[in-house]
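Side chains are part of it too, since the values below use all heavy atoms of this structure and drop only hydrogens, waters and symmetry mates. Lettering of chains follows the sequences in order, A, B, ..., and the numbering in each one begins at 1. For clarity, every value in this text was computed on a predicted model and none was experimentally measured.
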There are 2 protein chains.
Amino acid sequence: MMEKKIDELLKKNHLSVTGGRKKILELFLQQEGALSHSDIERKAGEKFDRVTVYRTLQVFLEKGLIHSIPTSDNSIRYALCKEDCSGGHHHDDHVHFICNTCGNTVCLEGVSIPAIRLPRGYSADQVEMLVSGVCKSCNI
Amino acid sequence: MMEKKIDELLKKNHLSVTGGRKKILELFLQQEGALSHSDIERKAGEKFDRVTVYRTLQVFLEKGLIHSIPTSDNSIRYALCKEDCSGGHHHDDHVHFICNTCGNTVCLEGVSIPAIRLPRGYSADQVEMLVSGVCKSCNI
DNA sequence: AAATTATTTGCAACATTGTTGTATTTTTGT
DNA sequence: ACAAAAATACAACAATGTTGCAAATAATTT
């Protein structure tokens, strides 16, 4: 079942498959939303050291397994990349949504970021779009 | 000169005019870009306590003198609001730009955030758009 | 399958960032 | 100039993030 998918994902990205990595990947897979560092620490922290969580997230970021989502409250969230985004920029095509009610952060895969016209002289490299409001589940 | 403008701004927002607040406001006015907490601490920290900087920024935020800009590197930046945004949401109409070369963050007042279509069930409250790339000054 | 090598982990120690309470100082309004 | 209100510094603390290194675990070789 999921075990297999996890192992594959790790191997595909040239990462040793270890307990900590499997656990954290599992959290992402079963969550299907974004997780903050403290979320992860809370859910996996009893079994793994804080430092391991930091390092694991960093490695996942570098390998393009996850991407980071900036938020207004100074707490970065991380979410699984649907496709490989190890190049660095393959995830900036969808909008991120934070629910003010439940606090969940999700990637709106269907909603793509519209192009904008920058002032003369500016060149864009990456675009983030972050919407906050009330999500489907909380919007009874 | 600037002294006067600063005093006015503070008074208009029902804030006592004190050394710390004047200094921090001055930094914002002469910077004309966004500042991170550590920026401010570095530039005003010799004269003022760290806690004072925190509390001052918090008050400025509440009063709508400044607004915060989320960034990917987990370090919120603050920028002066052109108009009053004490209501909370009056600043989400422009795009923010971070230069990867010089590190500066600016508000692109002229560039407004395009409307997007959210999936059924979602309602938006606030929208942030964050572009990173190379700014005018660095794009020789 | 055992041994070697490479990688990951936990731990400790530390640095940075952010928060809270309180006494003192400064500002404001009268 | 005085009383009341507000802001500040200081100390103590909590939370978050970083680094080096020894021990443990995973991958590779024979």
Can you tell which of [options] lies closest to the side chain of [X]?
X     : options                : value
A:F48 : D:dC10, C:dG10, D:dA26 : C:dG10
A:V51 : C:dC11, D:dA7, C:dT20  : C:dC11
A:H37 : D:dA11, D:dG17, C:dA12 : D:dG17
A:S16 : D:dT19, D:dA7, C:dT7   : C:dT7

Would you mind reading off the distance between [X] atom [atom1] and [N] atom [atom2], rounded to a whole angstrom?
X     : N      : atom1 : atom2 : value
A:D49 : D:dG17 : CG    : C1'   : 13 Å
A:D7  : D:dA26 : CG    : C1'   : 12 Å
B:I6  : C:dT27 : CD1   : C1'   : 17 Å
B:E41 : C:dT19 : CD    : P     : 12 Å
B:L15 : C:dT27 : CG    : C1'   : 13 Å
B:D73 : C:dT16 : CG    : P     : 16 Å
B:H14 : D:dA7  : NE2   : P     : 13 Å
A:K22 : D:dA27 : NZ    : C1'   : 14 Å

Quick check: any donor-acceptor pair below 3.5 Å linking the side-chain of A:R55 to the base of C:dG10?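 By the distance-only test, yes, there is a pair.
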Quick check: any donor-acceptor pair below 3.5 Å linking the side-chain of A:R50 to the base of C:dG10?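 For A:R50, whose side chain was compared with the base of C:dG10, there is no donor-acceptor pair (under 3.5 Å).
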Describe the nucleic acid contact of [X] in one word from base, sugar-phosphate, nothing, applying a heavy-atom distance below 4.0 Å.
X     : answer
B:G19 : nothing
A:R21 : sugar-phosphate
A:V17 : sugar-phosphate

When rounded to the nearest 0.5 angstrom, what distance separates CG in B:L35 from CG in B:L57?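 The distance works out to 9.0 Å.
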Closer to the 5' end of DNA chain D via nearest nucleotide, is it A:Q58 or B:G20?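 Its nearest nucleotide lies further toward 5', so the answer is B:G20.
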Is the B:H96 ring parallel, tilted or perpendicular to the B:H67 ring (thresholds 30°, 60°)?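 Ring orientation of B:H96 relative to B:H67: parallel.
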Assess, by modelled atom type and distance only, whether the side chains of A:R77 and A:T105 contain a donor and an acceptor separated by less than 3.5 Å.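 The answer is yes; a qualifying pair exists.
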Are B:D7 and B:K4 within salt-bridge range, i.e. N to O under 4.0 Å?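 Salt bridge absent between B:D7 and B:K4.
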Please determine if a side-chain N or O atom of B:T18 lies less than 4.0 Å away from the OP1 or OP2 oxygen of D:dT8.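 Answer yes for this pair, as a side-chain N or O of B:T18 is under 4.0 Å from OP1 or OP2.
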Centre-to-centre under 6.0 Å for B:Y54 and B:H37, is that the case here?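 B:Y54 vs B:H37: aromatic centres under 6.0 Å.
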